[in-house]
Amino acid sequence: MLPTVDDVLQLDAVRRGQPHVVAGADRTGNRVRWVHVAEVTDIAHLLHGGELVLTTGIALPDEPERLRAYIADLAEVGVSGLMIELGRRYASVLPPALTAAAEEFGLPVIVLAHEPAFVDITESLHARIVQEQYAELRASEQLHEIFTQLSVEGASTDEVVRQVAALGGHPVVLENLAHQVLAADAGGADPSELLSAWETRSRAVRPGRRTGYDEASGWLVTMVGARGEDWGRLIIDLGAPPSPRETVLVERAATTLALGRLLDRHAEGLERQAHGTIIARILAHAYSDPQEAAARARALGVPLSGRRLLGAVLRHRGPASSAPPVGELSQLAETAAAACKDARLAALVGVLDEGGPHARVGVLASLPARADVETALAEVATRIRAQSGGTVMAAGSVVETIRDVRRSFLEAEQVADVAARGSGARLFYRLPDLRLRGLLHLLRDDARVQTFVERELGPLLEYDAERGGDLTRILELYLESGRNKAVAAQRAHLSRPAFYERLRRIERVLDADLDDVESCVSLHVALLALSSVRWERS
């Protein structure tokens with residue numbers, strides 16, 4: 001950071017001259033870019049701004065009008081200050097016309113009561129400036145290295161924002177053009193306070209340039225986008241005018257975010273990422289205070305406080321190991337988000353456990369007190385079904401607080417796992433819809449259930465394993481057909497005599513009577529439980 005006029009006054013070479021500010025005392029915070037010694041009055045056209053001009057005043061005119069013009073020219077070009085040595089031209093005081101003009105044009109003027117060595121001043125100040133510029137250059141190089149590495153590693157939006165907050169030591173927010181928060185790091189401050197009434201506060205901040213500082217809010221703001229298409233703003237809550245390093249920091253981070261979005265063409269939208277992050281952190285109890293989760297969701301336009309909350313899961317039919325590619329889940333998430341919006345249902349929607357074997361779309365619905373849950377779910381599910389066939393939607397119980405959201409999601413995921421195995425045509429599923437199959441799925445890890453399965457079906461499973469047979473499947477078809485042998489034989493693609501012979505073999509292996517209702521019920525329950533266990537392993 002370049003030194004100010006105040007910093008110059010503290011240099012030993014200057015203090016030896018006993019400096020005294022005689023005009024423009026309120027502007028001594030001006031930055032000094034360079035030092036220029038000049039005795040002529042027509043020097044302004046040779047300057048570029050930011051210079052501290054040193055002079056003995058020996059060539060300054062006597063006429064007040066010409067002194068005023070001299071000061072006006074220096075102020076217009078943007079010099080940071082004027083330092084005049086007393087003793088050669090002016091014995092002890094400057095002409096009133098000069099100081100009055102300096103006050104008028106806001107130009108700091110310093111007199112030196114004792115004769116200094118201008119070379120000492122220029123040498124020490126230039127050394128300070130060069131040192132500061134080198135430090136800025138090194139800091140800029142370090143920022144470039146850090147954000148280049150983040151780009152190469154494909155860092156997430158949250159990680160980039162975290163790095164900005166850590167490097168800058170201030171709260172950072174990434175928002176979209178609708179002023180909804182896509183990512184935020186409070187930098188040790190209270191996240192709820194940072195995001196309070198975010199949209200209203202953000203809309204009032206319009207710096208007027210691509211990167212600018214807003215004095216009223218204390219925000220340093222830069223646009224984020226590439227190829228002429230902006231999609232968001234990156235904001236650092238500084239509370240004071242930015243340093244050059246902070247400006248470089250926010251702009252370099254914005255470039256990294258824009259590049260990441262261009263390269264990651266198959267990733268879900270940033271809004272979906274932001275939604276998914278909040279849901280995942282709620283499920284993991286990662287927020288120390290539920291109000292932080294509420295504040296972050298509210299900043300995305302989804303109120304959670306004082307609402308009825310419901311977790312829902314969307315996944316494709318089939319075992320978890322056959323989860324679709326991330327791109328398909330991302331598209332399903334976008335479809336679900338659009339469906340919620342069309343149905344006027346406030347909800348967070350995002351991909352959970354992305355890239356893992358249990359990846360699915362999570363929906364955290366926020367319902368008004370009087371909303372009908374079944375109607376709301378039906379409207380959303382109908383819209384999703386129209387856009388994405390082969391999708392199962394399952395919902396958990398309604399809860400009243402953010403702390404209970406995890407319970408609702410766990411229930412929804414269990415329901416989805418069971419529903420995904422069947423071929424039912426319901427728009428959505430809830431726990432009461434699954435009946436016995438759902439109960440057995442919930443109990444699939446219970447050792448007593450597994451013991452029951454082995455006791456009922458163990459001999460038949462061993463028989464099939466040893467001989468490569470299909471008697472277990474034949475028994476399942478028979479029981480699923482309501483013990484209608486003709487229908488079961490047709491589904492098994494066997495003649496009736498061949499099918500009957502297999503049933504007799506099953507009876508011998510299990511030592512059971514397939515005409516006995518109770519035996520068949522017991523075997524059917526065991527098969528359903530076995531299916532749940534095998535499904536989990538797949």
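Since the structure is predicted, the reported quantities are computational estimates derived from the model, not experimental observations. Because only heavy atoms are used, hydrogens play no part in the values below, and waters and symmetry mates are left out as well, while side chains stay in.
The shortest heavy-atom contact between A254 and L234 is N-CD2, 3.9 Å. When all heavy atoms of I402 and A294 are compared, the closest pair comes out as CD1-CB, 3.8 Å. Shown here for R31 and S80, the closest heavy-atom pair between the two residues is O-CB, 3.2 Å. What you find for G225 and D230 is that their closest heavy atoms are CA-OD1, 3.7 Å. In plain terms, the two heavy atoms of A336 and L314 that are nearest each other are CB-CD1, 3.5 Å. Taking every heavy atom of both residues into account, G350 and H275 meet most closely at N-CB, 4.4 Å.
Contact check for M83 versus V21: no side-chain heavy atoms found under the 4.5 Å cut-off. The side-chain heavy atoms of Q163 and L150, taken from C-beta on, include a pair separated by under 4.5 Å. For the pair E271/L182, a side-chain contact is recorded, criterion being any heavy-atom separation below 4.5 Å from C-beta on. You'll find the side chain of T391 stays beyond 4.5 Å of the side chain of R315, heavy atoms only. The shortest distance between side-chain heavy atoms of V313 and F409 falls below 4.5 Å. At least one side-chain heavy atom of L47 sits less than 4.5 Å from a side-chain heavy atom of V53. Here the side chains of V205 and P207 are in contact, with some heavy-atom distance below 4.5 Å. Annotation: side chain of E379 is not in contact with side chain of T382 (no heavy-atom distance under 4.5 Å).
With sequence neighbours excluded, no residue forms a side chain to side chain donor-acceptor pair (under 3.5 Å) with R298. With sequence neighbours left out, H126 forms a ring pair (Phe, Tyr, Trp, His ring centres under 6.0 Å) with W34. With sequence neighbours excluded, the residues that form a salt bridge (Lys or Arg N to Asp or Glu O under 4.0 Å) with E374 are R430. With sequence neighbours left out, the salt bridge (Lys or Arg N to Asp or Glu O under 4.0 Å) criterion links E246 to no other residue.
Between atom OG of residue S243 and atom CG of residue L2 there is a gap of 11.0 Å, rounded to the nearest 0.5 Å. In this structure, the separation between CG on L348 and CD1 on I278 is 5.5 Å, given to the nearest 0.5 Å. Interatomic distance, L410 CG to L283 CG, rounded to the nearest 0.5 Å: 7.5 Å. To the nearest 0.5 Å, atom CZ of residue R385 and atom CZ of residue F428 are 11.0 Å apart. Atom NE2 of H170 and atom CG of D237 lie 8.5 Å apart (nearest 0.5 Å). Taking OG from S408 and CG from L310, the interatomic distance works out to 4.5 Å, rounded to the nearest 0.5 Å.
Between the side chain of H179 and the backbone N or O of N176, no donor-acceptor pair lies under 3.5 Å. Under a 3.5 Å cut-off, the side chain of T28 and the backbone N or O of G24 do not form any donor-acceptor pair. Without hydrogens or angle criteria, R360 side chain to L329 main chain gives no donor-acceptor distance under 3.5 Å. S202 contributes no side-chain N or O that, together with a main-chain N or O of E199, makes up a donor-acceptor pair within less than 3.5 Å. Not one N or O on the side chain of D289 forms a donor-acceptor pair closer than 3.5 Å with the backbone of E292. The main-chain N or O of S192 is never found under 3.5 Å from a side-chain atom of S196 such that the two would form a donor-acceptor pair.
A cation-pi geometry, defined here as NZ or CZ lying under 6.0 Å from the six-membered ring centre and within 45° of its normal, does not hold between R252 and F147.
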Practice task
Show your reasoning for whether side chain to side chain contact (heavy atoms under 4.5 Å, CB included) applies to M223 and T211.
Solution key: CA-CA 7 Å; M223 298 300 298; T211 299; over 6 Å; no
Exercise for the section: List the steps, then state whether side chain to side chain contact (heavy atoms under 4.5 Å, CB included) holds for V224 with L174. Expected result: CA-CA 9 Å; V224 182; L174 174 66; 4.1 Å; yes
Practice task
Quick one: do R128 and V32 satisfy side chain to side chain contact (heavy atoms under 4.5 Å, CB included)? Show the steps, please.
Solution key: CA-CA 10 Å; R128 168 77 178 272; V32 179; over 6 Å; no
Practice task
Decide side chain to side chain contact (heavy atoms under 4.5 Å, CB included) for V79 and N30; before the verdict, give the C-alpha distance in whole Å, the side-chain angles of both, and the deciding distance to 0.1 Å.
Solution key: CA-CA 9 Å; V79 299; N30 290 350; over 6 Å; no
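Within a 6.0 Å sphere centred on CD of E145, other residues, nucleotides and ligands contribute more than 12 heavy atoms. Around the CZ atom of R15, the shell of radius 6.0 Å holds no more than 12 heavy atoms that belong to other residues, nucleotides or ligands. Within 6.0 Å of atom CZ in R203, more than 12 heavy atoms from other residues, nucleotides or ligands are found, so the atom counts as buried in its surroundings. In E104, the CD atom is crowded: over 12 heavy atoms of neighbouring residues, nucleotides or ligands sit closer than 6.0 Å.
Tested against V172, the residues V160, L167, V164 include a single side-chain contact (heavy atoms from CB on, under 4.5 Å) partner, V164.
Applying the salt bridge (Lys or Arg N to Asp or Glu O under 4.0 Å) definition to pairs two or more places apart or across chains, those involving residues 154-181 are E159-R162, E175-R233. Pairs engaging residues 396-408 under the salt bridge (Lys or Arg N to Asp or Glu O under 4.0 Å) rule: none recorded [sequence neighbours left out].
Q387 and T335 form no side-chain donor-acceptor contact under 3.5 Å, judged by distance and modelled atom types alone. Between S397 and E411, the side chains place a donor N or O and an acceptor N or O closer than 3.5 Å (distance only, hydrogens not considered).
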